[in-house]
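Before any comments, here is the structure.
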2 protein chains.
Amino acid sequence: MTGPQPRARRATRRAGSANSPAPLTGSTDRPASIADVALFAGVSPQTVSRVVNGHPSVSDLTRSRVLAAIDKLAYRPNPAARALASGKSRTLGVVALGTGFYGPASTLLGIEAAAQKHGYFVSVATVHSTDRGSVRKAIERLTHQSVDALALIAPYTSAQEAVSSLATGVPVVVVEGDTRGDMSVVAVDQALGARLATEHLLEMDRGTVFHIAGPQNWLDARGRAEGWRRALRAAGARVNPPIAGDWTARSGYEAGQVLAQVPDARAIFVGNDSMALGALLALHEHGRRVPDDVALVGFDDSPDAAYFCPPLTTVRQDFAALGETAVRVLLEQLRQGGGARHELLGPTLVVRQSTTAGPWAGD
Amino acid sequence: MTGPQPRARRATRRAGSANSPAPLTGSTDRPASIADVALFAGVSPQTVSRVVNGHPSVSDLTRSRVLAAIDKLAYRPNPAARALASGKSRTLGVVALGTGFYGPASTLLGIEAAAQKHGYFVSVATVHSTDRGSVRKAIERLTHQSVDALALIAPYTSAQEAVSSLATGVPVVVVEGDTRGDMSVVAVDQALGARLATEHLLEMDRGTVFHIAGPQNWLDARGRAEGWRRALRAAGARVNPPIAGDWTARSGYEAGQVLAQVPDARAIFVGNDSMALGALLALHEHGRRVPDDVALVGFDDSPDAAYFCPPLTTVRQDFAALGETAVRVLLEQLRQGGGARHELLGPTLVVRQSTTAGPWAGD
DNA sequence: AGCACCCGTGTGATCGCTAACATCGGCCAC
DNA sequence: GTGGCCGATGTTAGCGATCACACGGGTGCT
């Protein structure tokens, strides 16, 4: 025996000699393979595979026997082997940008929850820089990781271009992305949300509505600004230039300091809840009472918004639904292929004391 | 020819006849495989593998030739094949509980960022229910997904038990878990943070410090309560029973309503920033001024805390460092094996106007 | 009766890669 | 000079699953 010492065959290792059956319990070191199950059930590996994958052409008797063997041996299909043989990994890749903020982070969690519900795994690559290169790199990271489909949380204008420039070969859905273009997009209707907020403020008869906007390289921020602008125009109200923040409470605070000194600014639509928080603080410090002197509306309905001082009227986005929709679109494309889908979810206005006299005692 | 029609061999498909070299560009449909690279570089697949994996025993000439081929063919190792052959997937599994809250969500993102930095992928399974069964299921989901190691964000007392009861066969680190026990744990020193907060409040000479605690089935909440209690005892201050919330601003609001009616409550340590926000609102509604009448300290230093009304003194946890440490511990265990490691990170107190007269204009 | 066809099952090849040898040439030490 | 070791490379055999096809037997139809 001078030839190479082959690695012992699995079946031999596990089941002992060819004459003795596999042990009844999974007492050996390695997890059971499909071959072990086949041996144990007295069928071929292919039949086990059929049972596992729910193929119809298996007799009830065989199926139950195989299932029993699977149960007994605590068999779990090896996903790596599966992915190699079939090319499918039951894994969705998610490229997430801006996860430092409430919206994108919630979207990520929403996608994960939805994917889990549909039996998919989620492999995440977050991107912390704005430049196109790192987005591209993250996408490559994931596509090489053999994901079945890709979700891109692409709130930046630049992010989306990175995907379209890459022929990924797998279905892609852009979440919170640009609705134009040839890719599938799932997003909340930002402009509608902004319109709801703006009209709500206009109804209070406090003159035109000012706007503290998000960074204008974010699509949501643009959509909100655009919706606000259109609502004002439709009402014949004056459109003052918005003050651009960067989503942080700090930037909202700074914008608030500016607007606090504008006597006409008696109604403000803020691009998100964090900036609204900052604005509230600035207004308070300048002695401008909310809602008496200034009415304020935010965006997102973050969990804390209901306990701002005063509780914040804001536009709610349903991130769970967003994630669910994104996953649904991906799975549809996975199954049926077909063209790009566009899904737009409707946000809702949540009215609280920052725009109502109400039971709010803040003076 | 009546035998089965074998699938055409890759090399044949791609490279044409044995005499013609592979095409120079990756113009074929499939991505290049290691065999393609080997063929193109005039070496064996094993040598390509060596180059890709940084094995030392490769001559410089060969290495550069292989690298050139890799570059030309845009070769990427197939991770599924790799995982199957080697048993390693370069993927970390993260089981995350409580991702609805700032702390756990930030921890998750911190781990992802650190893993990415070390060249690992992250596969996430979030758990939304408290019961042990679903934690166990999530762990199983991931271990069957052939992850190399597992991080468990286990803020609940019950969560940790679920891992220890499962022989996972891979290194495990528990993040924000119980330091006792035989598993590796990485956590922020909650008791220390609580002590810092409590001592800071005691220094203000407002009598003893009240506590709005997190849910007591969360370890962090317990640690904070314990640190608070010990600090009070050490100072000889009276220990009133803490009011337990559930981390939400709502629960903080409710607790605040209670404490607002306790004249002695002039210093409050709150278990997290969200609850502190709610408490602030309640105190404000009851006409109790912060910090004049009541001083308040939170925990987490969420990005918004600096813009609460008034800005919140709080205890900062470095979630990026937490994730980084967790990943480091996992990689160490992967490489060197060895026993459980315990890492405790120090939080820091961030003093703002909710405990200082300072420049705060809140009347 | 004859034949096509479907059902249930098995066989062989293959996915792309790595582990464990085997091999071969050169260099060093005794 | 020769044995031995090392460095560079190739060879073979898997990893654990799926896929395409083969095959035997029952059924329906002509």
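If you're wondering where the values come from, they're calculated on a predicted model, not measured in any experiment. Here is the naming used below: chain letters follow the sequence lines, and residue numbers restart at 1 for every chain.
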Checklist entry - When you measure from the side chain of A/Glu112 to the backbone N and O of A/Val122, does any donor-acceptor pair fall under 3.5 Å? => result no
Checklist entry - In terms of side-chain heavy atoms of A/Thr62, which of C/dT9, C/dT18, D/dA17 is nearest? => result C/dT9
Checklist entry - Mind checking whether B/Tyr120 and B/Leu330 have side chains closer than 4.5 Å, heavy atoms only? => result no
Checklist outcome for this item: The side-chain hydrogen bond (donor to acceptor under 3.5 Å, both in side chains) partner of A/His118 among A/Arg90, A/Arg328, A/Glu324 is A/Glu324
Item to check | Touch class at under 4.0 angstrom, heavy-atom based, for A/Val43 against every strand present | outcome: sugar-phosphate
Checklist outcome for this item: To the nearest angstrom, the CG-P distance between A/Asn78 and D/dG16 comes to 7 Å
Checklist entry - Tell me, do B/Val147 and B/Leu92 make a side-chain contact under 4.5 Å, heavy atoms counted? => result no
Checklist entry - Can you tell me how far C1' of C/dT14 sits from CD1 of B/Ile34, to the nearest Å? => result 16 Å
Checklist entry - NA contact type, B/Ser44, heavy-atom cut-off 4.0 Å: base, sugar-phosphate, or nothing? => result base
Checklist entry - Taking only N and O in the side chain of B/Ser59, is any of them less than 4.0 Å away from OP1 or OP2 of D/dG7? => result no
Checklist entry - Relative to the 5' end of DNA chain D, which residue comes earlier, B/Asp60 or B/Leu84, by the nucleotide with the nearest heavy atom? => result B/Asp60
Checklist outcome for this item: note: B/Arg63, atom CZ; D/dA8, atom C1'; distance rounded to Å ~ 11 Å
Next on the checklist: Evaluate A/Ser134 against A/Ser129 for side-chain hydrogen bond (donor to acceptor under 3.5 Å, both in side chains), listing each step before the verdict.
Outcome noted: CA-CA 7 Å; A/Ser134 44; A/Ser129 124; 3.0 Å; yes
Next on the checklist: In whole Å, I'd like the distance from the CD1 atom of B/Ile70 to the C1' atom of C/dC17.
Outcome noted: 13 Å
Next on the checklist: Considering every strand and a 4.0 Å limit on heavy-atom distances, what is the contact class for A/Pro79: base, sugar-phosphate, or nothing?
Outcome noted: nothing
Checklist entry - Taking the side chain of B/Ser49 as heavy atoms from C-beta outward, which of C/dT18, C/dC7, D/dA17 is closest to it? => result C/dT18
Checklist entry - Considering only C/dT9, D/dT18, C/dA19, which nucleotide approaches the side chain of A/Ser86 most closely? => result D/dT18
Item to check | First of B/Arg50 and A/Gln46 reached from the 5' end of DNA chain D, by closest nucleotide | outcome: B/Arg50
Checklist entry - Any idea which of C/dT18, C/dT9, D/dT18 is nearest the B/Arg82 side chain? => result C/dT18
Item to check | Rounded (10°) bend between the five-pair end axes of the helix from C/dA1-D/dT30 to C/dC30-D/dG1 | outcome: 30°
Checklist entry - In whole angstrom, what separates B/Lys88's NZ from D/dC15's P? => result 17 Å
Item to check | Separation of atom NE2 in B/His55 from atom P in C/dA20, rounded to whole Å | outcome: 12 Å
Next on the checklist: Mind checking if A/Pro45 touches a base, just sugar-phosphate, or nothing, with heavy atoms under 4.0 Å?
Outcome noted: nothing
Checklist entry - Any side-chain donor-acceptor pair under 3.5 Å between A/Thr107 and A/Glu176? => result no
Checklist outcome for this item: Taken in chain and number order and not counting sequence neighbours, the residues that satisfy salt bridge (Lys or Arg N to Asp or Glu O under 4.0 Å) with B/Lys88 are none
Checklist entry - Rounded to the Å, how far apart are B/Arg65 CZ and D/dT9 C1'? => result 12 Å
Checklist entry - When we call it a touch if two heavy atoms are under 4.0 Å apart, what does A/Arg76 touch: a base, just sugar-phosphate, or nothing? => result sugar-phosphate
Checklist entry - Contact class for B/Ser57 vs. all strands (heavy atom < 4.0 Å): base, sugar-phosphate, or nothing? => result base
Item to check | CA sep, side-chain torsions, deciding dist, call: B/Thr325, B/Glu343, side-chain hydrogen bond (donor to acceptor under 3.5 Å, both in side chains) | outcome: CA-CA 8 Å; B/Thr325 308; B/Glu343 302 267 356; 5.7 Å; no
